[in-house]
Amino acid sequence: MFSLLRLLPPRNFKSISKVSPLQRWIHRTFSSAAASLQHISHIVDFKVLFHSCTTVNVTKQLHALLLVLGKAQDVVLFTKLVTLYATLGDLSLSSATFKHIRRKNIYTWNSMVAAYVRCGRYRDSMDLVSELLSIPGTVRPDFYTFPPVLKACVHLVDGEKIHCWVLKMGFEHDVYVAASLIHLYSRFGVVGAAHKVFVDMPVRDVGSWNAMISGLCQNGNAAEALGVLDRMKAEGVKMDTVTVSSVLPVCAQLNDVVSGVLIHLYVIKHGLESDVFVCNALINMYSKFGRLQDAQMVFDAMKVRDLVSWNSVIAAYEQNNEPVTALEFFKGMQFVGTQPDFLTVVSLASIFGQLSDWLIGRAVHGFVIRRGWLEEDVVIGNALVNMYAKLGSIDSAHVVFEQLPVRDVISWNTLITGYAQNGLASEAIDAYNMMGECRTIVPNQGTWVSILPAYSHVGALQQGMKIHGRLIKNCAYLDVFVATCLIDMYGKCGRLEDAMSLFYEIPRETSVPWNAIISSLGIHGHGEEALQLFKDMLSEGVKADHITFISLLSACSHSGLVDEGQWCFDMMQKEYGIKPNLKHYGCMVDLFGRAGNLEKAYDLVSNMPVQADASIWGALLAACRIHGNAELGTFASDRLLKVDSENVGYYVLISNIYANVGKWEGVVKVRSLARDRGLRKTPGWSSVVIGNVVEVFYAGNQTHPQCTEIYKELRVLIAKMKSLGYVPDYSFVLQDVEDDEKEQILTSHSERLAIAFGIISTPPKSPIRIFKNLRVCGDCHNATKYISKITERNIIVRDSNRFHHFKDGICSCGDYW
DNA sequence: TTAGGGTTAG
């Protein structure tokens with residue numbers, strides 16, 4: 001518009017600033033001087049004017065000018081306006097302009113069709129093409145008509161119909177039309193049809209290759225996509241920005257760092273790094289590789305950044321567990337005035353979940369509600385369910401889940417995982433069963449990865465095996481994450497042999513399955529084998545990570561392998577540069593403490609660079625109990641109750657230490673402390689599987705149909721145990737009651753009920769497997785040794801820590817629990 | 001004057 005203003009005489013120019021809007025002014029000025037109109041329409045370069053139309057308002061002014069200049073029937077200029085309005089997002093002006101053009105040519109029709117597609121009005125674009133086909137005359141669809149319509153078909157279901165039109169008119173070999181067809185078929189998952197269009201093309205340009213490559217990628221055929229890329233290169237077609245931005249996600253998916261970096265070099269060499277799509281794809285790829293520095297380097301070098309760039313860099317830090325840095329980038333995004341979209345908020349939800357920031361997490365939820373995004377996309381709802389689950393607020397997670405207008409398989413997976421990770425295994429199983437009732441939901445890899453740990457947790461071997469059977473049918477068990485869950489399930493359900501044989505069946509290039517099998521060996525007390533497997537892992541060239549060392553250190557600690565544990569701990573730091581975290585320190589304190597080296601354990605706690613938490617003091621306290629060190633025990637319990645005064649299990653431990661050294665006043669003190677604080681114990685339960693039925697017992701259960709028989713069996717057992725020297729250890733009872741009542745309380749502990757039920761429900765001498773959700777009680781541990789001797793049975797108890805194999809009066813754990 | 005193929009997700 002400014003080039004036009006410069007043409008005007010200064011006398012009139014003066015009045016412009018006062019007489020606004022421009023449209024009115026133009027009308028008055030020019031209609032009074034028809035000669036000037038002619039003059040101006042000759043010298044004004046409309047192309048330049050179109051170029052400066054960057055907003056709807058300016059375009060409206062140009063539109064008015066064209067009308068004033070008597071150009072209303074200039075089909076070329078008005079066709080341009082149709083496109084321009086649509087590009088600027090004003091479809092109603094676009095279609096109004098279209099309707100006013102009397103002598104529409106094919107350019108006009110094509111522009112309107114494309115305008116509808118650009119603004120997401122797919123059905124209207126189809127209707128317009130039908131209208132065009134139905135009107136008699138010489139205006140017929142051409143090469144240009146179909147690519148936008150085919151794009152519309154991606155969102156509709158008329159793809160086949162349009163392909164027929166295309167074939168009928170003989171347009172299928174046009175490179176633009178063919179690329180759209182390939183894209184369309186790929187989007188509908190019909191890769192074969194897409195490929196046929198591709199191979200039938202007599203001439204292919206880079207766009208054709210791009211369509212085929214991205215089509216393959218979007219259907220999960222990543223390796224094939226790279227194959228097509230190689231063929232493209234072999235035919236001498238050069239990659240452009242579109243090729244690069246389609247292929248980089250493939251490198252990320254295949255974890256192919258070498259190809260990814262080579263393509264990055266190509267980008268630099270060919271000057272493609274000014275393309276926003278390319279840079280965004282690079283950021284995402286480096287993020288998936290975990291190479292945050294490279295991702296940030298690309299981001300920093302970008303001259304133009306769009307919403308996707310910011311989302312990508314925020315997600316990069318969020319997904320690599322650096323929520324604080326991610327948040328800084330979010331602030332940077334706000335600083336430059338880029339408005340967040342729902343994907344930004346998906347990252348934010350995860351960030352505040354990771355940061356355990358409940359208040360801001362809720363604010364994010366409120367923001368989503370105000371924007372109405374929950375109704376728009378299921379992804380954002382799932383992100384909120386996940387956020388609340390991570391914040392430990394599983395009830396809120398459930399409420400959001402219930403309110404979701406649409407639930408997909410990921411909504412269910414997120415809920416199941418949420419329950420499982422908050423220790424609510426049976427709720428997770430209930431959710432999984434409810435999901436099974438929704439016919440529209442097909443479980444996927446994520447479902448198995450969420451439900452199997454819940455089964456492991458409660459020891460539901462049968463159900464776990466049922467899933468294994470289902471997965472064998474479609475080879476889904478070969479997926480390394482699913483297989484790892486199965487290994488873990490077999491390990492935790494006492495089937496170590498099955499865990500081992502599955503381990504040797506599956507691909508094991510990453511540390512993930514190794515960590516699971518090492519951990520399984522550990523909880524079964526097979527420390528030596530765990531170490532051997534660790535050595536095998538290294539000789540197979542698999543890189544150990546911090547989880548490997550947690551599995552390994554805990555295996556050493558369960559088996560009392562002090563020197564070996566120390567060796568691993570040193571190697572982890574020196575050779576792998578892994579800084580020990582609280583879990584590693586916890587294992588080491590356990591290891592030294594259990595072996596009786598309390599001084600070393602205490603030294604480690606005192607010299608840790610991180611603040612000791614309850615698990616560390618708990619480990620030290622447990623060691624003090626085993627070795628009867630009341631002095632250090634008192635100190636540790638003091639510290640322990642400062643960091644966690646809510647866990648009643650610790651009070652039991654402390655009371656037990658005092659009792660063992662005869663400090664009865666200490667026992668009384670701890671009991672009253674527990675009572676005054678109103679601590680309620682996490683309900684302990686034990687389960688035993690009889691046939692296919694899982695029987696669950698809570699302490700003091702009186703409601704089981706075979707209750708009378710169970711207690712009768714227990715009375716018989718107690719009498720025999722006492723004759724063999726069993727003395728009940730009342731220090732495991734926190735209630736302040738008489739001794740005979742304490743004995744009664746111990747006798748009705750859940751593990752003992754489960755064992756008694758196992759004895760009366762299975763043939764003599766057959767093994768009994770028990771699961772307990774907490775650590776097995778010390779007195780029950782002692783009692784079970786006697787029971788295994790009296791009944792000549794193997795009794796296998798899995799508690800929250802490890803397996804205890806009781807046989808002939810001895811426990812595999814060496815009385816450490 | 002009109003057109004294709006591309007980057008971010010729970």
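Side chains are part of it too, since the values below use all heavy atoms of this structure and drop only hydrogens, waters and symmetry mates. Convention: sequence-line order gives letters A, B, ...; per-chain numbering from 1.
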Once you apply a heavy-atom cut-off of 4.0 Å, does [X] come out as touching a base, just sugar-phosphate, or nothing?
{"X": "A/Asn413", "value": "nothing"}
{"X": "A/Ser287", "value": "nothing"}
{"X": "A/Asn311", "value": "base"}
{"X": "A/Val247", "value": "nothing"}
{"X": "A/Arg204", "value": "nothing"}
{"X": "A/Val175", "value": "base"}
{"X": "A/Asp306", "value": "nothing"}
{"X": "A/Val385", "value": "nothing"}
{"X": "A/Thr79", "value": "base"}
{"X": "A/Phe78", "value": "nothing"}

I want to verify a distance call: between [options], whose nearest atom is closest to the [X] side chain?
{"X": "A/Lys80", "options": "B/dT8, B/dA9, B/dT1", "result": "B/dT1"}
{"X": "A/Arg118", "options": "B/dG4, B/dA3, B/dT2", "result": "B/dA3"}
{"X": "A/Ala211", "options": "B/dG6, B/dG5, B/dT2", "result": "B/dG5"}
{"X": "A/Thr241", "options": "B/dT2, B/dG4, B/dG6", "result": "B/dG6"}
{"X": "A/Ser245", "options": "B/dG5, B/dT7, B/dT1", "result": "B/dT7"}
{"X": "A/Phe277", "options": "B/dT7, B/dT1, B/dG5", "result": "B/dT7"}
{"X": "A/Val242", "options": "B/dG6, B/dG4, B/dA9", "result": "B/dG6"}
{"X": "A/Lys151", "options": "B/dT8, B/dG4, B/dG6", "result": "B/dG4"}
{"X": "A/Pro147", "options": "B/dA3, B/dT1, B/dA9", "result": "B/dA3"}
{"X": "A/Thr83", "options": "B/dT2, B/dA9, B/dT7", "result": "B/dT2"}

Note to self: Using a 5.5 Å cut-off between ring centres and planes within 30 degrees, is A/Tyr107 stacked on the base of B/dT2?
What the structure shows: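 No; by the centre-distance and plane-angle rule, A/Tyr107 does not count as stacking on B/dT2.
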Spacing of [X] atom [atom1] relative to [N] atom [atom2], expressed in whole Å:
{"X": "A/Asn210", "N": "B/dG5", "atom1": "CG", "atom2": "C1'", "result": "5 Å"}
{"X": "A/Trp373", "N": "B/dA9", "atom1": "CH2", "atom2": "P", "result": "17 Å"}
{"X": "A/Arg305", "N": "B/dT7", "atom1": "CZ", "atom2": "P", "result": "21 Å"}
{"X": "A/Asp142", "N": "B/dT2", "atom1": "CG", "atom2": "P", "result": "12 Å"}
{"X": "A/Leu248", "N": "B/dT8", "atom1": "CG", "atom2": "C1'", "result": "13 Å"}
{"X": "A/Leu216", "N": "B/dG5", "atom1": "CG", "atom2": "P", "result": "16 Å"}
{"X": "A/Ile314", "N": "B/dA9", "atom1": "CD1", "atom2": "P", "result": "13 Å"}
{"X": "A/Asp174", "N": "B/dG5", "atom1": "CG", "atom2": "P", "result": "13 Å"}

Is [X] side chain donor-acceptor paired with the [N] base, going by distance under 3.5 Å alone?
{"X": "A/Asp275", "N": "B/dG6", "answer": "yes"}
{"X": "A/Asn105", "N": "B/dT2", "answer": "no"}
{"X": "A/Asp205", "N": "B/dG4", "answer": "yes"}

Next item on the list: Identify whether NZ of Lys or CZ of Arg in A/Lys71 sits under 6.0 Å from the centre of the six-membered ring of A/Phe78 and within 45° of that ring's axis.
Entry: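 Judged by the rule (NZ or CZ under 6.0 Å from the ring centre, within 45° of its axis), A/Lys71 is not positioned above A/Phe78.
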Check: Of the options A/Phe299, A/Phe330, A/Phe335, A/Tyr317, which is the one that meets A/Trp310 in a ring pair (Phe, Tyr, Trp, His ring centres under 6.0 Å)?
Finding: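 That would be A/Phe299.
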Within less than 4.0 Å of OP1 or OP2 of [N], is there a side-chain N or O belonging to [X]?
{"X": "A/Ser214", "N": "B/dG5", "result": "no"}
{"X": "A/His183", "N": "B/dG5", "result": "yes"}
{"X": "A/Gln218", "N": "B/dG6", "result": "yes"}
{"X": "A/Lys288", "N": "B/dA9", "result": "yes"}

Notebook entry, point to check: Are A/Asp240 and A/Thr243 linked by a side-chain donor-acceptor pair shorter than 3.5 Å?
Noted result: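 Side chains of A/Asp240 and A/Thr243: pair found under 3.5 Å.
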Margin query: Suppose we screen for side chain to side chain contact (heavy atoms under 4.5 Å, CB included). Which residues come up paired with A/Ala295, at least two apart in sequence or across chains?
Written below: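 Partners of A/Ala295 by the side chain to side chain contact (heavy atoms under 4.5 Å, CB included) criterion, ordered by chain and then number, come out as A/Ile283, A/Tyr286.
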Note to self: Any side-chain to backbone donor/acceptor pair from A/Asp142 onto A/Tyr144? Under 3.5 Å, distance only.
What the structure shows: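 It does hold such a pair.
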Item checked: Aromatic ring pairing A/His398/A/Tyr419, orientation class (parallel under 30°, perpendicular over 60°, tilted between) ->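 Rings of A/His398 and A/Tyr419: tilted, 30 to 60°.
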Item checked: Interatomic spacing from CZ in A/Arg118 to OH in A/Tyr85 - rounded to 0.5 Å ->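 That separation rounds to 15.5 Å.
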Note to self: Could you go through A/Lys288 and A/Asn284, starting from their C-alpha distance and side-chain angles, then the distance that decides it, and tell me whether this counts as side-chain hydrogen bond (donor to acceptor under 3.5 Å, both in side chains)?
What the structure shows: CA-CA 6 Å; A/Lys288 296 245 165 67; A/Asn284 285 301; 5.5 Å; no
